[in-house]
Amino acid sequence: MGCGDSHRCYRNGIEPLMERIERWIAVRGRQFRDIREALRASSARQLASRKEYFEERSDTRRNAAGAVVDGRVYGFQNDDWYILLMGRNNWHSVAGGDAVSLRLSEENGEVVNTGVGLDYERSDARFYRNNEKLWSIIHDADKGRYHLQTSGKLPDCYERIKNIVLDPSLPEPPKDDFRSLGRKHDRKKYRESAVEVPLRVSRALTDYTWSMGVTENDIIHCFELG
């Protein structure tokens, strides 16, 4: 099924992509045309910045890591937020989504930019308003299971969520076989990784998270960016 910029696709048309989503950007207070124009403008800048790489390899569909780039971004309405879904090799996802988030936050727009590694070893949530990044929460498992790097004035829910996820009354999980503990209620006997903190803060603000996917009744816009 084709998905032009002005076309709409249903859930069945994008279901394979949902399994590869690693970044989503929630936008509030901007018109649909602003979202479309911001995506196009940001894509053009990213393409220009990689021009030398593209020319050297004669393949304009690959990013700097050599992975095939997917120019599509999927979007749908979630109450007063508009959610943009990005695959692991999408230009905006590879770049962290900062350029398009800043642009979408202009004129009192609000943007929550959230990402999670497909290996579940990293996550981040960032908030923008008036073309400025106001706060960020980043987890990097390479720096420790409970690593959190923060900046700016964090939302009120941050401390509450952090205390729930990193409950000090729970023991740390076994070092060797935490992934093989089985069902979720078994894992809850142990303290969780901080990877959950940015994701839960993002969900508390936007009522959407990566694991929710979309319902069959959601109508999805598909932006073709290249």
Query - Separation of Glu107 CD from Leu104 CG (nearest 0.5 Å) - result: 11.0 Å
Query - Contacts of type side-chain hydrogen bond (donor to acceptor under 3.5 Å, both in side chains), residue Asp98, not counting sequence neighbours - result: Arg126, Tyr128
**Report entry** Atom of Ile25, atom of Gly97 and distance for their closest heavy-atom approach
**Finding:** CD1-O, 4.0 Å
Query raised in the report: Can any side-chain N or O of Ser105 pair as donor or acceptor with the backbone N or O of Leu102 at less than 3.5 Å?
Result: yes
Report task. Step by step, work out the side chain to side chain contact (heavy atoms under 4.5 Å, CB included) result for Ser202 and Tyr208. Result -> CA-CA 7 Å; Ser202 174; Tyr208 177 80; over 6 Å; no
Query - Heavy-atom pair with the smallest gap, counting every atom of Ala204 and Ile161 - result: CB-CD1, 4.2 Å
Query raised in the report: Can a salt bridge be assigned to the pair Glu192 and Arg200 using a cut-off of 4.0 Å between side-chain N and carboxylate O?
Result: yes
Query raised in the report: Between the side chains of Asn130 and Asn108, does any donor sit under 3.5 Å from an acceptor?
Result: yes
**Report entry** Any Asp34 side-chain heavy atom under 4.5 Å of Phe32 side chain
**Finding:** no
Query raised in the report: Taking the side chain from His139 and the backbone from His147, do they hold a donor-acceptor pair closer than 3.5 Å?
Result: yes
**Report entry** Least distance between heavy atoms, Arg191 atom then Val165 atom
**Finding:** CG-O, 3.9 Å
Requested in this report: Give, for atom CD1 of Ile35 and atom CD of Gln31, the distance between the pair rounded to the nearest 0.5 Å.
Outcome: 8.5 Å
List, one per line, each side-chain donor-acceptor pair under 3.5 Å for residues 79-86, sequence neighbours excluded.
from, atom 1, to, atom 2, distance (Å)
Asp80, OD2, Arg28, NH1, 3.2
Trp81, NE1, Leu205, O, 3.4
Tyr82, OH, His221, ND1, 3.0

Report task. Could you tell me the separation between the CG atom of Leu166 and the OG atom of Ser193, rounded to the nearest 0.5 Å? Result -> 8.0 Å
Query raised in the report: Is Glu22 salt-bridged to Arg122, cutoff N-O under 4.0 Å?
Result: yes
Query raised in the report: Going by atom types only, do Asn131 and Arg103 share a side-chain donor-acceptor pair under 3.5 Å?
Result: no
Requested in this report: Return the minimal non-hydrogen interatomic distance between Val201 and Cys157, and the atom names on each side.
Outcome: CG1-SG, 4.1 Å
Report task. Check side-chain contact (heavy atoms from CB on, under 4.5 Å) between Leu154 and all other residues, then give those that pass, not counting sequence neighbours. Result -> Trp135, Ile137, Thr150, Tyr158
